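All remarks here apply to the structure that follows.
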Amino acid sequence: MTQPTTTKNDPTRKPLNATIGEWYPEDPDFWQRQGQRIATRNLWISIPCLLLSFCVWMLFSTVAVNLNKVGFHFSTDQLFLLTALPSVSGALLRVPYSFVIPLFGGRRWTTLSTLILVIPCLWLGFVVQDTQTPYHTFVTISLLCGFAGANFASSMANISFFFPKARQGGALGLNGGLGNLGVSVMQILVPLVIFLPLLGSTGGVAQADGSTVWLYRAAWIWVPFLLVASLAAWFGMNDLSTTKASIRQQLPVLKRMHLWVLSFLYLSTFGSFIGFSAGFAMLAKTQFPDIVILHYAFFGPLLGALARPVGGMLSDRFGGVRVTLINFILMALFSVLLYLSLAADGHAGSFAVFFGLFMLLFLTAGLGSGSTFQMIAVIFRRLTAERVKARGGSDDDALREAATDSAAALGFISAIGAIGGFFIPKAFGTSLELTGSPAGAIKVFILCYVVCVLVTWLFYGRKVQK
């Protein structure tokens, strides 16, 4: 491998230079001398940007349930649609977001994609104060919140360029896991700012029970944080010129069989996390109406988000395939037990058992999200490097193309995973509508996790890769 040389873009000579022209994370000397410091700085700026993105992505999960309290008259179906639309647009937008980092650079795109989220936040804060605002306006804003969900694809792709293969799981796990904390941060912070008399007392709407709600704060509270995060990204992150690639150079990754296999595995892990986050509270309310579930709903997303970096780190230590395989076995087992915990003829359901098993599902969904993402990075880098060398390419060519392919794969697969945010709540709702019980949906999930065990073993487990 060609050794790194000192150039005008060398960050050791110009620490504030935004573009880095030489980047060799697999070279131990380069990594110890300068690479680790730069990669870590970019990671710790990326994390709060992604966390805020998840907060905005989940904005309507808290706003929609309060719209009628401030004077709107939307139907239940209309409100549910507002909560589901960000998952749909976010999943679709993750596809183009998968390819933007090699086109624009991580620093530029992180800044732009974070700053643009100010638009739906400001807009929503204004329109909730006018009860004459038409429903289609809220639909538009809800779809714009999907841009926040799409940021996951570009953020994970960007961080993958900075770290060597041996540290991919931990770095991507931290970025994704702590970013996912935005789900819990939203669920904890918004009720505080909209119901407590903070930041002045104007603009509140009195309720029948004597309380007051300041709903516009649910949107505006994120604006200063988004501005600060955008400035931090612009002045503190870096673009890697070695990652430049056109969309045409990245598109061949869609032809890889492993892209689609790993997409299915990630849909079953991250899709479960985001889907359970969206549907758990409503499901619990239908099964245990006497429980005030909003007091407990944030625990699951919090547990899953904290588990994700652990899944990545365990994968770096023991191998992503091993961790993922064991994780899917546990998810199948917990789903079977969850099915048995529901109320049925002859026995009543137990909220304590139901809640405990769901917490275990959140935990394993988070662990699996980290381990499958580590598998994606490792497998695509290895396969691409072997393919480039087989056609006579140099080590540098192999590393460069492998990094580009794995980043594109990470982004595209994350788009598939986001679909779970729509599918899982819809499955629960359909099962309840048709049978009066969520048991049908849970049976589908059990089957899915069993198939994931078989797929993981057949494609990767027989020859375990680290």
Side-chain angles (χ1 to χ4, degrees), residues 52-97 112-152 182-183 185-187 189-195 199-200 202-208 211-227 229-230 274 277-279 281-282 418-419 421-422 425-426 429:
L52 290 169
S53 294
F54 270 86
C55 290
V56 177
W57 195 21
M58 297 296 292
L59 194 55
F60 271 90
S61 68
T62 54
V63 169
V65 297
N66 290 289
L67 283 175
N68 289 350
K69 293 181 180 180
V70 298
F72 293 92
H73 302 284
F74 299 141
S75 69
T76 300
D77 286 343
Q78 287 177 315
L79 295 175
F80 270 113
L81 181 60
L82 292 179
T83 63
L85 285 175
S87 292
V88 176
S89 59
L92 294 175
L93 286 166
R94 283 187 179 191
V95 176
Y97 272 47
L112 176 62
S113 62
T114 303
L115 185 60
I116 201 173
L117 301 183
V118 171
I119 296 174
C121 289
L122 286 176
W123 194 1
L124 182 59
F126 281 114
V127 300
V128 296
Q129 299 180 69
D130 180 5
T131 56
Q132 301 304 310
T133 301
Y135 180 72
H136 65 77
T137 298
F138 285 100
V139 169
T140 302
I141 298 173
S142 180
L143 289 170
L144 288 176
C145 288
F147 281 84
N151 282 354
F152 183 84
V183 180
V185 170
M186 167 63 78
Q187 293 175 344
L189 185 58
V190 166
L192 294 177
V193 300
I194 67 175
F195 288 113
L199 309 174
T202 61
V205 177
Q207 306 299 298
S211 64
T212 303
V213 58
W214 291 270
L215 190 55
Y216 68 91
R217 294 178 182 169
W220 285 359
I221 188 65
W222 310 110
V223 172
F225 295 107
L226 289 168
L227 293 175
S230 299
I274 201 66
S277 297
M282 184 171 297
I419 297 174
F422 177 82
K426 180 62 177 174

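All values below were derived from every heavy atom in this structure, side-chain atoms included, with hydrogens, water molecules and symmetry-related copies excluded. For clarity, every value in this text was computed on a predicted model and none was experimentally measured.
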>> If I compare all heavy atoms of G125 with all of A219, which pair ends up nearest, and what's the gap?
In response: N-CB, 3.7 Å
> When you look at F152 and Y97, which way does the side chain to side chain contact (heavy atoms under 4.5 Å, CB included) test go after all the steps?
Replying inline: CA-CA 9 Å; F152 183 84; Y97 272 47; over 6 Å; no
> How would you list, by chain and number, every residue that makes a side-chain hydrogen bond (donor to acceptor under 3.5 Å, both in side chains) with S53, sequence neighbours excluded?
Replying inline: N151
> Are the side chain of D130 and the backbone of F126 linked by a donor-acceptor contact shorter than 3.5 Å?
Replying inline: no
> Measuring from L59:CG to M186:CE, what's the distance to the nearest 0.5 Å?
Replying inline: 4.5 Å
>> Under the criterion side chain to side chain contact (heavy atoms under 4.5 Å, CB included), I'd like the reasoning laid out for L189 against W222: C-alpha separation, chi angles, the key distance, then a yes or no.
In response: CA-CA 10 Å; L189 185 58; W222 310 110; 3.6 Å; yes
> With L122, which residues qualify under side chain to side chain contact (heavy atoms under 4.5 Å, CB included), at least two apart?
Replying inline: V118, W220, V223
> Among T114, L124, L226, which one satisfies side-chain contact (heavy atoms from CB on, under 4.5 Å) with V56?
Replying inline: L226
> Can you find a pair of side-chain heavy atoms, one from S230 and one from L227, that are under 4.5 Å apart?
Replying inline: no
> Would V185 and L52 count as a side chain to side chain contact (heavy atoms under 4.5 Å, CB included) if you check the C-alpha gap in whole Å, the side-chain angles of each, and the deciding distance to 0.1 Å?
Replying inline: CA-CA 9 Å; V185 170; L52 290 169; over 6 Å; no
> So which heavy atom on I116 is nearest to which on S113, and how close?
Replying inline: CG2-O, 3.4 Å
>> Would you say that V70 contacts T131 through its side chain, given a criterion of any heavy-atom pair below 4.5 Å between the two side chains?
In response: no
> Who passes ring pair (Phe, Tyr, Trp, His ring centres under 6.0 Å) against W57, sequence neighbours left out?
Replying inline: F54
> Sequence neighbours excluded, which residues qualify as side chain to side chain contact (heavy atoms under 4.5 Å, CB included) partners of L112?
Replying inline: W109
>> Give me the atom names and distance for the closest heavy-atom approach of T83 to A64.
In response: CG2-CB, 3.7 Å
>> Show the nearest heavy-atom pair for residues I419 and A91, with the distance to one decimal.
In response: CG1-CB, 3.9 Å
Review item, side-chain donor-acceptor pairs of residues 138-145, under 3.5 Å, at least two apart:
| unit_1 | atom_1 | unit_2 | atom_2 | d |
| --- | --- | --- | --- | --- |
| T140 | OG1 | H136 | O | 3.0 |
| S142 | OG | L82 | O | 2.8 |

> Hey, what do you get for CG (L93) to CZ (F147), rounding to the nearest 0.5 Å?
Replying inline: 5.0 Å
